[in-house]
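Notes to accompany the following structure.
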Amino acid sequence: MLNRLSLRYRIALVIFVLEALMLAGVLGLALTQSRATAIEFNHASQQASFELLSNLSVTALLTGEYSDFQLYLDDVKRQPSVSRIVLADVAGRVVAASRVTDVGLQLAAVLPEQREGWRVEPVASAAGPLGTMAVEFSDAALAAAFKRTRNLALAAALVGVITIALVGLLTGIALTRRLERVTDAVRRFADGDRDVRAAVPGVDEIALLAGSFDRMADAVAEQQRHMEDQRTYIELLLNSTSEAIYGTDTQGLCTFVNAACVRMLGYGGEHELIGRNMHELIHHTRPDGRPYPKAQCRIWLASQQGQAAHVDDEVHWRADGSSFPVEYWSHPMVRDGRHVGTVVAFIDITERRRAQAELRQFKTTLDLTQDCVFMFHPDTLRFFYVNEGATRQVGHTADELLAMTPVDIKPDFDEASFRALIAPLRAGGQTSMGFETRHRHRDGHDIDVEIVLQYIAPPGEQPRFIAIVRDITKRTMAEAALRQLNEELEQRVLVRTAELQGAKDEADRANHAKSEFLSRMSHELRTPLNAILGFGQLLGLKIADPGQSGHVREILNAGRHLLTLIDEVLDLARVESGNLTISPEPVALLPLAQDCLNLIRPQAQARGIRLLEPSPGCEVYVRADRTRLKQVLLNLLSNAVKYNRPEGTVSVACVPAPGGKLRVRVHDTGEGLNDEQIARLFVPFERLDAEVRQIQGTGIGLALSRRLVELMHGQIGVESTPGTGSTFWVELTVAQPHAEPAPAPTPASALPGLSTARRRDILCIEDNPANLRLIECLYVDRRDIRLLTAIAPGLGLELARTHLPALILLDINLPDMDGYAVLRILRENAATRHIPVIAVSASAMERDVERGKAAGFDAYLTKPLDIPVLVRLVEQFLASPRD
């Protein structure tokens, strides 16, 4: 037959046969390769699907959320290679399945006895077994797809050898390449590349398979993103809460921890806690220091026995070894009916414990107070707090009172009148009110009470009334008794008042007469005495005859003696009348004694008496009025000089005395005293034999000294033996020094007759001890200035005549003689008239200043003193001395 065919047909036939054979070979090879590739892809797809399903089932079994897994099953079951999917928990109960009717059944009831085509494998995690995954795979869809492909190829071959061959060849090549693309995508996805996609176009089985794979990959990626978002959100919630939260597994090892927990426990990060035993790390010891056994730990019991616990009496331990009180809640974590761990939340209750302690202390204080405390609401008037005093007062228990209102215990008020009473407080017209009323006891008797009611409305808090109630029954009874007694005594008082008024009037008249007498005596005596001393000094300047000059000196000495007598008499009168006040303070004894010795030294040198320095025991402080103590020591030293023998000595010693006191002893080497003389020694105006010995004095100095020492709570006395001298002593209380330095003693080098080339004297005449102390402190450190002080005008004039200071500070308002009189005497004396005098006065009116300038004061300063002005003024006068 071939011979009958033309060469073209032969060639065509040969070509056709060859093409047919080639087509058959290629088609057969393509179909065989396609089948092998499809089977390999089917197996890879089944493996990928099973692995993906296993991963998703782990998440679903761990979280217990099966809705998303079920949605994925609904999508997967449409794949031709998957016939059936079943997921069971660890107990064998089906929790998700491609067939909804399988959910809830036991896995054994779902699986057939013959499991050909089924793949059943357990699902587990690091925490242990979770359940079982079973998938039934089918190759029917793949076989059908292969058959359709083969039929299409044969049909195409019948249409045209060349076209079919070409199409078959191209189809085989394309089919091989697409399957390789899908297979490569499945392999990469199985290796963990969740972003890979097959992306095979078309609608054939390979395209459908590739599309199913892509949808499966998208679903897995979406599920992973969803799970990651959920994980991130959960971490955000845990780290945003102020409570510390951590979880443990069944062994007590930490599995998760939030930021608050890390911060409260003092660790550097969660990595220092994850995997560690939390009981041994933070819960190992009780608050009292005893070990905390793990078997007794309620956190441990929560995971082992499922016992949830709420505890507020234990402590946790920080990384630095310190502890803090906590309140914690522990709950077991249960999965599939099995305890898999514990979650613990705790808070630091240090501040709460402190607040509770303060509240308990406050309540205890209120309960122990003698007064009753009631607190009630402004609207309902119901009590919400009463202390124990309130329950004792009205006889009701605290619970009973908390169900009552103030009206229930006030018989004098109904609700309307009580609300009207407290209305001004609520309206803000007043903050509190006090009134007296009655409270009714539970047994029916009434109690007189005094109430202080206050309305408190702090911002952001509930307003409230607080009533402080005091039982005044005894007071009202006493007041009633007192009223009755007053009525009974009223008539007696009227009679007695009349008698006392008469006596008072008589005493006032006598006191007024005494004061008038002293004032008149001072004025009347000083007026002529001023003339006597003034004219006597003028005569002394003008008379050159030695005999007449001696007479003038006698007149002046007598006048000065009379002036001293007047000063001491008035001083003694003030002491005895109680008008003389002192200012006790710690006084440095040694500087004061040295100052007195320096002042008395000119008198001692005139008589050849040697003054010895005070003993070292005088370096102490005593409690006394410095000015008055100086007056007493000057009197004792003056007597020791006047009553001493020629070329004798005077010494000052200090020895301790019982009772924390110090005895200052002034010893002289005079003739001494017998017992009869000692008995009369401190009597006013008693001068013993001073007239016979022609020793000047008033006879008042020792009597005045005794009064002054007694005012300073001290004692004064004398020890004497005839022929060996006398020792006068003053006993005072030892004191602790003030912070300010004591006045420095006046060095002997500044005394008249010694080197005084650069040292100037300033005299301050001031009767106020505080003002005098101010001036002393002002010049205490000036080595170029010696400050002389006097509290009486007479003493001041004597110091001015004796020491001739470079400047005088003179108070205007002085006792017995004002500053104007002192200034006149100074100006009338030729020896003192050149001394600058600065007036220091509290009279600050303009007319007072003009009067001072007109009187001849060199300057006028007003009190309170302007210290810089005073210092500048003093320096100015000291820099320009008068001739």
Fill in: Non-hydrogen atoms of Pro129 and Ala124 that approach each other most closely
CA-CB, 3.9 Å

Worksheet item: Can a salt bridge be assigned to the pair Glu314 and Arg298 using a cut-off of 4.0 Å between side-chain N and carboxylate O?
Response: yes

Item to complete: Compare all side-chain heavy atoms of Trp329 with those of Glu327 and state whether any distance is below 4.5 angstrom.
Response: yes

Fill in: Pair Arg84 + Asp102: basic N to acidic O under 4.0 Å
yes

Worksheet item: Is the shortest heavy-atom distance from the side chain of Val95 to the side chain of Val103 under 4.5 Å?
Response: no

Discussion item. Less than 4.5 Å apart, side chain to side chain, heavy atoms only: is that true for Asp471 and Gln393?
Written reply: yes

Discussion item. Rounded to the nearest 0.5 Å, what separates atom OG1 in Thr255 from atom CG in Leu273?
Written reply: 11.5 Å

Discussion item. Test side-chain contact (heavy atoms from CB on, under 4.5 Å) on Leu401 and Val394; report intermediate values, then the result.
Written reply: CA-CA 9 Å; Leu401 283 174; Val394 297; 3.9 Å; yes

Practice prompt. Using ring pair (Phe, Tyr, Trp, His ring centres under 6.0 Å) as the criterion, list what pairs up with His284, not counting sequence neighbours.
Written response: Trp317

Worksheet item: Under 3.5 Å, side chain of Asp336 to main-chain N/O of Arg338, donor-acceptor pair present?
Response: no

Practice prompt. Would you check if the side chain of Ser98 reaches a backbone N or O of Ile85 as a donor-acceptor pair within less than 3.5 Å?
Written response: yes

Worksheet entry | Residues Asp408, His396; criterion side-chain contact (heavy atoms from CB on, under 4.5 Å); working and verdict | CA-CA 11 Å; Asp408 296 327; His396 292 280; over 6 Å; no

Worksheet item: Does a side-chain heavy-atom distance below 4.5 Å link Pro112 with Trp118?
Response: yes

Worksheet item: Salt bridge check: are Glu351 and Arg353 linked by an N-O gap of less than 4.0 Å?
Response: no

Practice prompt. Taking only Lys NZ, Arg NE, NH1 and NH2, and the carboxylate oxygens of Asp or Glu, determine whether Glu136 and Arg119 approach each other closer than 4.0 Å.
Written response: no

Discussion item. Side chains of Asp348 and Thr350 only: does a donor on one sit below 3.5 Å from an acceptor on the other?
Written reply: yes

Fill in: Sub-4.5 Å side-chain heavy-atom contact between Val123 and Thr132
no

Practice prompt. Report yes if the side chains of Val315 and Val326 come closer than 4.5 Å at any heavy-atom pair, otherwise no.
Written response: no

Worksheet item: Would Val344 and Ile245 satisfy side-chain contact (heavy atoms from CB on, under 4.5 Å), going step by step from the backbone distance to the final call?
Response: CA-CA 6 Å; Val344 181; Ile245 302 175; over 6 Å; no

Discussion item. Are Val343 and Ser330 packed together at the side-chain level, in the sense that at least one heavy-atom pair is separated by less than 4.5 angstrom?
Written reply: no

Discussion item. For a quick test of reading the model, state the closest non-hydrogen atom pair linking Val58 to Ser125 and the distance between them.
Written reply: CG1-CB, 4.4 Å

Fill in: Value rounded to 0.5 Å, distance of CG in Leu130 from CZ in Arg335
6.5 Å

Worksheet item: Does the side-chain hydrogen bond (donor to acceptor under 3.5 Å, both in side chains) test come out yes or no for Ser322 and Asp320, once each step is laid out?
Response: CA-CA 6 Å; Ser322 62; Asp320 60 4; 2.7 Å; yes

Worksheet entry | Side-chain donor/acceptor of Gln296 to backbone N/O of Pro293, under 3.5 Å | no

Response to the item:
Closest heavy-atom pair, Met264 versus Phe324, reported as atoms and distance to 0.1 Å, is O-CE2, 3.8 Å

Discussion item. Return the CD to CE distance between Glu121 and Met133, rounded to the nearest 0.5 Å.
Written reply: 10.0 Å

Worksheet entry | Which atom of Ala185 lies closest to which atom of Phe213, heavy atoms considered | O-CZ, 3.5 Å

Discussion item. To the nearest 0.5 Å, what is the distance between CG on Leu425 and CD on Gln454?
Written reply: 9.0 Å

Practice prompt. Give me the ring orientation class for Phe465 and Tyr455: parallel if the planes are under 30° apart, tilted from 30 to 60°, perpendicular past 60°.
Written response: tilted

Worksheet item: From Leu281 CG over to Arg276 CZ, what is the distance, rounded to the nearest 0.5 angstrom?
Response: 4.5 Å

Worksheet item: For Leu453 and Ala467, which heavy atoms make the closest approach, and how far apart are they?
Response: CD1-CB, 3.8 Å

Worksheet item: When His283 is tested against each of Phe346, Trp300, Tyr328 for side chain to side chain contact (heavy atoms under 4.5 Å, CB included), which residue passes?
Response: Tyr328

Item to complete: Keeping the roles fixed (side chain from Ser212, backbone from Leu208), state whether a donor-acceptor pair exists under 3.5 Å.
Response: yes

Fill in: Heavy atoms of other groups near Arg464 CZ, more than 12 under 6.0 Å
yes

Practice prompt. Run the numbers on Met404 and Ile409 for side-chain contact (heavy atoms from CB on, under 4.5 Å), then give the verdict.
Written response: CA-CA 8 Å; Met404 302 169 66; Ile409 61 173; 3.8 Å; yes

Worksheet entry | Asp312 CG to Arg352 CZ distance, which is reported to the nearest 0.5 Å | 7.0 Å

Response to the item:
Exactly one candidate in Thr183, Asp193, Asp195 meets side chain to side chain contact (heavy atoms under 4.5 Å, CB included) with Arg188; the answer is Asp193

Fill in: Salt-bridge criterion met for Arg290 and Asp288 (N-O under 4.0 Å)
yes

Worksheet, complete the sentence: Shortest non-hydrogen pair, Cys261 vs Tyr246, comes out as SG-CD2, 4.0 Å

Worksheet item: With a 4.5 Å limit on heavy-atom distance, are the side chains of Cys372 and Asn387 in contact?
Response: yes

Worksheet item: Can you name the ring pair (Phe, Tyr, Trp, His ring centres under 6.0 Å) partners of His271, sequence neighbours left out?
Response: none

For residues 373-385, please give each side-chain donor-acceptor pair under 3.5 Å, one per line with the distance, not counting sequence neighbours.
unit_1	atom_1	unit_2	atom_2	d
Asp379	OD1	Arg426	NH1	3.1
Asp379	OD1	Arg426	NH2	3.1
Thr380	OG1	Arg382	N	3.3
Arg382	NE	Leu402	O	3.4
Arg382	NH2	Leu402	O	3.4

